[in-house]
Amino acid sequence: MGHGTNRVEDMSSPNNGTAATATAGGETIVEIHSVCLPPKKTAFQKLKKRVADVFFPDDPLQRFRNQTWRNRVILGLQSLFPIFTWGSHYDLKLFRSDVVSGLTIASLAIPQGISYAKLANLPPIVGLYSSFVPPLIYAVLGSSKHLAVGPVSIASLVMGSMLSESVSPTQDPILYLQLAFTSTFFAGLFQASLGLLRLGFLIDFLSKATLVGFTAGAAVIVSLQQLKGLLGIVHFTGKMQFIPVMSSVFNHRSEWSWETIVMGMCFLSILLTTRHISMRKPKLFWISAAAPLASVIISTLLVYLIRSKTQAISYIGHLPKGLNPPSSNMLYFSGAHLALAIKTGIITGILSLTEGIAVGRTFASLKNYQVNGNKEMMAIGFMNMAGSCTSCYVTTGSFSRSAVNYNAGAKTAVSNIVMASAVLVTLLFLMPLFYYTPNVILAVIILTAVIGLIDYQAAYKLWKVDKFDFFTCMCSFFGVLFVSVPLGLAIAVGVSVIKILLHVTRPNTSEFGNIPGTQIYQSLGRYREASRIPGFLVLAVESPIYFANSTYLQERILKWTREEETRIKENNGTTLKCIILDMTAVSAIDTSGLEAVFELRRRLEKQSLQLVLVNPVGTVMEKLHKSKIIDALGLSGLYLTVGEAVADLSSTWKANGQP
């Protein structure tokens with residue numbers, strides 16, 4: 001019979017892949033396949049493969065194999081500096097496209113840079129500094145052709161809210177500026193370290209649900225903060241939570257300026273209209289791209305013309321001309337606030353890194369090219385480290401500017417160089433023109449930009465697809481709105497970790513049945529036509545078996561067994577004889593899991609029940625073999641498929657005269 005053949009075979013065996021055949025009177029009954037052990041490997045070989053799978057899934061050294069030393073040097077330069085990859089075949093046609101797109105995003109980057117700096121409670125000029133140096137560095141180190149680099153709203157908000165909790169930007173502006181630059185340095189150091197050590201998978205703890213809720217909550221907070229500029233309020237709360245902000249708005253009604261409100265609402269209507277036009281007709285992208293700068297120019301002229309008639313509309317005032325001053329001497333590496341700078345840097349670093357890589361990959365997929373995640377981490381990290389030494393704060397790839405860059409026809413990262421050149425001209429010659437730029441127009445520009453961050457469609461999709469993810473999204477949203485920006489993010493990450501732990505410690509198990517006329521076994525809960533096999537209980541475990549879930553799985557399987565026996569008694573069915581455990585989805589097992597399987601076999605044996613394992617994967621099979629569990633199960637305790645196990649055991653029982 002088939003059960004008389006040992007079905008555990010070594011991959012090096014000459015009989016590997018053969019099958020045992022059960023016969024009765026010369027007539028074939030069922031074919032039983034061998035379950036093979038994986039090829040033998042040393043501990044070092046296993047460790048090497050595991051490290052390669054975890055840290056080098058893209059095999060970065062593959063392109064260097066079988067190359068001359070000269071080619072290896074060239075490939076190394078291209079790997080470190082992607083500009084060498086496309087720079088050799090750069091031509092005038094590509095340059096024309098990049099000039100158009102670079103000038104287009106500059107028209108958006110200049111007013112946004114000034115606005116986002118104020119959002120971070122920094123001098124407006126710092127926003128322009130941050131739109132000059134970082135794009136130049138990214139153009140050399142970055143692998144995305146369409147990513148437009150500069151300050152972004154979320155990172156600006158987080159930095160502003162975290163630093164202002166401990167240091168006042170108005171009472172102690174020098175210390176605040178030092179902490180902002182130091183936070184930027186640590187953000188860059190953290191980002192570059194993730195790339196160099198290939199630890200980018202750590203940012204995956206910020207799930208899609210977490211980011212949707214966090215971004216929406218931050219967008220609402222940013223929008224509410226702009227009521228200060230939109231209403232012309234002078235004395236406004238420095239807190240970021242919903243209730244304090246709204247209280248401040250209504251407690252200072254006497255400071256509301258109707259002139260500021262009228263100007264703000266007019267320009268807000270214009271910017272929202274241009275944004276809507278560009279969304280409906282992407283070819284008219286230039287309308288929404290040029291609208292912010294045009295609004296700045298027009299509003300500045302209006303304030304200049306009416307400056308003698310009203311003082312109700314506040315404006316920026318003097319902005320210094322000239323290139324970025326060095327700020328390495330302002331980095332704060334010792335003192336009472338160092339921990340705050342490190343914490344702010346890590347949180348803003350994670351958020352800006354997540355946004356930058358997501359935006360880069362989005363547009364890369366549209367043009368069918370690859371963005372290397374680790375290279376992006378290093379590029380953004382080195383960009384921020386250099387920026388912290390040149391009066392810049394945290395920067396990354398902006399979705400709004402990158403979308404404009406893409407629609408404007410950018411071909412390479414030279415568009416960032418063109419944008420930086422336009423900012424350079426502005427810094428050197430045009431700064432006096434911004435003297436009368438009203439603060440209300442900056443608030444309007446920010447409002448228009450952050451409205452698109454509230455993705456209600458994504459939240460609705462989370463509700464439809466995964467209620468737990470929706471709960472995570474809402475925790476992030478309301479945490480940011482009512483608690484604080486960093487704590488809201490921490491709450492959402494905590495909920496995500498709890499979800500992971502629940503999946504690990506309480507994995508799914510299901511009962512399988514046979515689909516009539518086939519050898520296919522599927523879940524009884526999913527397939528109505530599937531039916532139980534008399535005498536068998538077929539169970540499937542859908543996760544690795546670890547110390548964290550081994551006891552639960554053991555008790556869960558025993559519970560399945562008790563419930564099945566109760567059902568059989570109530571229906572006068574065939575006595576339960578065998579528990580088949582389908583291990584196809586068990587990707588790994590540790591010593592606690594092995595002990596649980598051994599204990600489960602022992603407890604079932606006391607109840608006169610046989611435990612059979614089906615299709616354990618290579619590493620699981622190897623551990624089962626080394627722990628002698630395969631020997632304890634016996635020759636009829638291991639099969640390749642559920643169908644073969646049922647057929648072979650049924651024929652064995654029939655041959656032995658068992659019912």
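Computation of the quantities below employed the complete heavy-atom set of this structure, encompassing side-chain atoms and omitting hydrogens, waters and symmetry-equivalent molecules.
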> Quick one: CD1 on Ile110 to OG1 on Thr426, what's the gap to the nearest 0.5 Å?
Replying inline: 3.5 Å
>> Using modelled atom types and a 3.5 Å cut-off, is there a donor and acceptor pairing between side-chain atoms of Ser278 and backbone atoms of Arg275?
In response: no
> If only atom types and distance count, is the side chain of Ser476 paired as donor or acceptor with the main-chain N or O of Cys473 below 3.5 Å?
Replying inline: no
>> Nearest 0.5 angstrom please: Leu119 CG to Ile445 CD1, how far?
In response: 12.5 Å
>> Run Val149 and Ser398 through side chain to side chain contact (heavy atoms under 4.5 Å, CB included) and show every step you take.
In response: CA-CA 6 Å; Val149 170; Ser398 161; over 6 Å; no
> Any sub-3.5 Å donor-acceptor pair from Thr437's side-chain atoms to Thr300's backbone N or O?
Replying inline: no
>> Looking at Asn416 and Leu147, would you say the former's side chain and the latter's main chain have a donor-acceptor pair under 3.5 Å?
In response: yes
> Heavy-atom count around Tyr456 OH within 6.0 Å, excluding the residue itself: above 12?
Replying inline: no
>> I need the Met419 CE to Phe132 CZ distance, nearest 0.5 Å.
In response: 10.5 Å
> Do His318 and Phe434 make the cut of ring centroids closer than 6.0 angstrom?
Replying inline: no
> In this structure, are over 12 heavy atoms from other groups packed under 6.0 Å from Trp286 atom CH2?
Replying inline: no
> Going through the checks in order, is the side chain to side chain contact (heavy atoms under 4.5 Å, CB included) test met by Tyr435 and Ile316?
Replying inline: CA-CA 6 Å; Tyr435 186 91; Ile316 293 176; over 6 Å; no
>> Below 30° counts as parallel, above 60° as perpendicular, anything between as tilted: where do the rings of Tyr315 and Tyr436 land?
In response: tilted
> About how many Å separate CD1 of Ile491 and OG1 of Thr472, when rounded to the nearest 0.5 Å?
Replying inline: 12.0 Å
>> So, taking the atom named CG in Leu323 and the one named OG in Ser391, what distance separates them when rounded to the nearest 0.5 Å?
In response: 11.0 Å
> Strictly by modelled atom types, are Ser388 and Thr184 linked by a side-chain donor-acceptor pair under 3.5 Å?
Replying inline: no
> Going through the distances and angles, do Thr182 and Met330 end up as a side chain to side chain contact (heavy atoms under 4.5 Å, CB included)?
Replying inline: CA-CA 8 Å; Thr182 307; Met330 296 185 70; over 6 Å; no
> Which atom pair, heavy atoms only, marks the closest approach of Pro151 to Arg401?
Replying inline: O-NH2, 2.5 Å
> At their closest point, which heavy atom of Ser88 faces which heavy atom of Thr85, and how far apart are they?
Replying inline: OG-O, 3.8 Å
>> Is any side-chain heavy atom of Val414 closer than 4.5 Å to one of Leu94?
In response: no
>> A quick test of your reading: do over 12 heavy atoms of other residues, nucleotides or ligands sit less than 6.0 Å from OH of Tyr304?
In response: no
> Between Leu338 and Tyr332, what is the shortest heavy-atom contact and its length?
Replying inline: CD1-O, 3.2 Å
> With a 3.5 Å cut-off and no angle check, do the side chains of Asn405 and Ser415 form a donor-acceptor pair?
Replying inline: yes
> Asn372 and Ser143: which non-hydrogen atoms are nearest, and at how many Å?
Replying inline: N-OG, 3.5 Å
>> Are the side chains of Met263 and Val303 in contact, using a 4.5 Å heavy-atom criterion?
In response: yes
> Is there a donor-acceptor contact under 3.5 Å from the side chain of Thr274 to the main chain of Leu271?
Replying inline: yes
> Side chains of Tyr138 and Thr395: closer than 4.5 Å at any heavy-atom pair?
Replying inline: no
>> Test your reading of the model: is there a side-chain donor-acceptor pair from Glu376 to the backbone of Gly356, 3.5 Å cut-off?
In response: no
> Between Asn384 (side chain) and Val394 (backbone), is there a donor-acceptor pair under 3.5 Å?
Replying inline: no
> Is a donor on one side and an acceptor on the other found under 3.5 Å between the side chain of Thr104 and the backbone of Val100?
Replying inline: yes
>> For Tyr393, run the side-chain hydrogen bond (donor to acceptor under 3.5 Å, both in side chains) check against Ser156, Ser183, Ser130, Ser327 and tell me which one passes.
In response: Ser156
>> Quick one, Asn439 with Ser314, criterion side chain to side chain donor-acceptor pair (under 3.5 Å). Give me CA distance, side-chain angles, the key distance, then yes/no.
In response: CA-CA 6 Å; Asn439 287 312; Ser314 63; 3.1 Å; yes
> How about Phe236 and Val245: do any of their side-chain heavy atoms sit closer than 4.5 Å?
Replying inline: yes
>> With heavy-atom distances below 4.5 Å as the criterion, would you say the side chains of Asp91 and Phe95 are in contact?
In response: no
> Can you list the steps and then say if Ile221 with Val480 is a side chain to side chain contact (heavy atoms under 4.5 Å, CB included)?
Replying inline: CA-CA 8 Å; Ile221 291 295; Val480 170; 4.2 Å; yes
> Hey, does Leu272 have a side-chain heavy atom less than 4.5 Å from the side chain of Thr448?
Replying inline: yes
> How are the rings of Phe478 and Phe482 set relative to one another: parallel (under 30°), tilted (30 to 60°) or perpendicular (over 60°)?
Replying inline: parallel
> Does anything in residues 334-354 pair up under side-chain hydrogen bond (donor to acceptor under 3.5 Å, both in side chains), and if so which pairs, sequence neighbours excluded?
Replying inline: Gln191-Ser352
> Going by heavy atoms in the side chains, are Met378 and Leu196 under 4.5 Å from each other?
Replying inline: yes
>> For the backbone of Ala410 and the side chain of His146, can you confirm whether one donor and one acceptor N or O come within less than 3.5 Å of each other?
In response: yes
> Once you round to the nearest 0.5 Å, how far does OG1 of Thr215 lie from CG of Leu489?
Replying inline: 9.5 Å
> Which atoms form the tightest heavy-atom contact between Ala422 and Ala106, and what is the distance?
Replying inline: CB-CB, 3.6 Å
>> A side-chain contact here means heavy atoms from C-beta on lying under 4.5 Å apart; do Lys367 and Tyr406 qualify?
In response: yes
> Does NZ or CZ of Lys145 lie under 6.0 Å from the centre of the six-membered ring of Phe363, at an angle within 45° of the ring axis?
Replying inline: no
> So, does Gln178 use its side chain to make a donor-acceptor pair with the main chain of Leu331 at under 3.5 Å?
Replying inline: no
>> Give me the atom names and distance for the closest heavy-atom approach of Met162 to Pro486.
In response: CG-CG, 3.8 Å
> Applying the side-chain contact (heavy atoms from CB on, under 4.5 Å) test to Ile446, which of Ile451, Val222, Leu230 qualifies?
Replying inline: Val222
